[in-house]
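Read the structure below first, then the notes.
Chain A is the first sequence line, chain B the second, and so forth, proteins listed ahead of strands; every chain is numbered from 1. In what follows, every heavy atom counts, from backbone to side chain, and hydrogens, waters and symmetry copies are set aside. Computed from a predicted model, the values in this text were never measured in an experiment.
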Amino acid sequence: MPELPEVETVARQLAPLVAGRRVTRLAIHDRAKLAPPGARLAERTVGRVMRVGKRVLIELQPAPAARGGSTGLGAAGAAVPGAAPLWLAVHLRMTGRLVFGREIPADTPRPHVRAQLFLDGGVISFIDPRRFGTFEWLRSPEEAVPDAVDPTENAFTPECLAALLRGSPQPLKTWLLRQDRLVGIGNIYASEILWHARLSPFRAAGRLKRDEIARLHAATRAVLTAAIEACGTTFSDFQDAHGLTGSYQRFLAVYEREGEPCLRCGGPVARRTQAQRSTYWCRGCAAGAVARGGAHSEP
DNA sequence: GGGTACCTGAAA
DNA sequence: TTTCAGGTACCC
C-alpha cells in the first residue's frame with residue numbers, strides 16, 4: 001500500500017503503539033534480506049517512528065545500561081556494543097505492510113510474514129506477499145534522506161517545483177514517478193494529481209507555463225494532504241485485527257475508473273500504458289491545457 | 001530514455 | 001491462461 005500518504009499513515013499509526021517498548025528479538029522468516037545489525041538489539045527501546053521519502057524508519061534507542069556516555073564510546077574510546085543509535089529503515093515497495101499486534105503469535109508465522117520485531121507487549125510484523133520490500137540498518141535518519149524534495153514540506157513551493165521541472169523532456173506522468181526530484185508520488189497519485197491540475201500526463205514536464213506549474217503545485221499539495229487525512233488508499237481488504245486501512249479510494253477521480261464519467265466534465269476516463277504503468281486521465285479536461293501549451297504526442 | 005527483472009496472487 | 005498490481009534497480 002505504499003505511496004507517500006500510505007507510508008505516512010503507517011508511521012503515524014505505528015508510532016504511538018510501539019514507542020517506549022523494549023526490544024526482545026528480531027526474527028527473519030524469509031531468506032535473509034537484512035544483514036545483522038552489527039550491534040546488540042535486545043534491551044534497546046523503540047523511539048521515534050517516522051517517514052522519510054517512501055520509507056518507514058524505526059528508531060531503536062541504546063539500552064539504558066549502555067547509555068552512560070552520550071558519545072557511545074567507552075573509557076578507552078572503543079564503541080560500546082548497543083550504545084550506538086540504530087534505525088531500521090523499511091521500504092514497503094508494492095505489497096509490504098507493517099502491522100503491530102499485541103499477542104505474540106505462535107512460532108509458525110502467518111503467510112507472507114517476512115520478518116518480526118518482538119517487543120515487550122507486542123510484535124511488529126512485516127507482511128509482504130511479493131517480497132519486494134527491503135530493510136536496512138541506518139545509524140541516523142539522515143542516511144535515508146533522499147536527494148529530492150518532499151512535497152509535504154515547506155520547501156516545496158511553486159518556484160521549487162519550477163526549478164525541478166526545468167529542462168525535462170519527460171512526459172509529466174513519468175516525471176512525477178521519478179523519486180530523484182520529488183519523493184513520494186506513485187502511480188495512483190500521479191494520475192490523480194494531474195487530473196486535479198487539469199494537465200495532460202503526456203505534456204513535456206519542462207514546458208509548463210507559470211500558471212500550469214502553479215496548478216501542478218497546488219494539486220500535488222491538495223491531493224497528498226487529503227490522502228494523508230484519509231489515511232491513504234486501500235484496495236485489498238485484509239482483515240487483520242490491527243491492519244491499517246485508508247479511505248482515500250472513495251475520492252479517486254480517475255485511477256481505476258477507465259470508461260467511467262469524469263467527475264468534472266462527464267467525459268469518459270481514458271487509460272493508457274505509459275512507461276509500463278497505467279495512466280488514467282480525462283481527454284476533455286486535459287485538452288484545454290494541450291490547446292494552450294502544445295500537445296506532446298497526445299493520443 | 002525504454003525494456004526487463006524481481007515475486008506472488010487475484011481477476012479477467 | 002494471460003494480464004495486471006500501490007516500486008525500483010539494473011540492463012542496453
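- With respect to the salt-bridge test (charged N to carboxylate O, under 4.0 angstrom), the residues R203(A) and E212(A) qualify.
- The existence of a salt bridge linking R93(A) and D128(A) is excluded, since no basic side-chain nitrogen approaches an acidic carboxylate oxygen closer than 4.0 Å.
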Quick one, Y189(A) with Y248(A), criterion side-chain contact (heavy atoms from CB on, under 4.5 Å). Give me CA distance, side-chain angles, the key distance, then yes/no. CA-CA 10 Å; Y189(A) 297 111; Y248(A) 191 77; 3.7 Å; yes

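- Annotation: side chain of V183(A) is not in contact with side chain of V149(A) (no heavy-atom distance under 4.5 Å).
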Once pairs are restricted to Watson-Crick or G-U wobble with both distances under 3.5 Å, how does DNA chain C read as a dot-bracket string, [ ] for crossings and | for other-strand pairs? |||||.||||||

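- Contact footprint of chain A on DNA chain B: nucleotides with an atom under 4.0 Å from a non-hydrogen protein atom, first to last in 5' to 3' order, dG1(B) to dG9(B).
- Judged by distance alone with a 3.5 Å cut-off, no donor-acceptor contact links the side chain of R277(A) to the base of dA5(C).
- For the pair F132(A) and T273(A), both in contact range of DNA chain C, the more 5′-proximal nearest nucleotide belongs to T273(A).
- Applying the ring pair (Phe, Tyr, Trp, His ring centres under 6.0 Å) test to F126(A) and every residue at least two apart in sequence or in another chain returns F135(A).
- OP1 or OP2 of dT8(C) has not a single side-chain nitrogen or oxygen of T134(A) nearer than 4.0 Å.
- Phosphate contact (OP1/OP2 of dT8(C), side-chain N/O of Q179(A), threshold under 4.0 Å): present.
- R114(A) comes within 4.0 angstrom of no nucleic acid atom, judged by non-hydrogen atoms across all strands.
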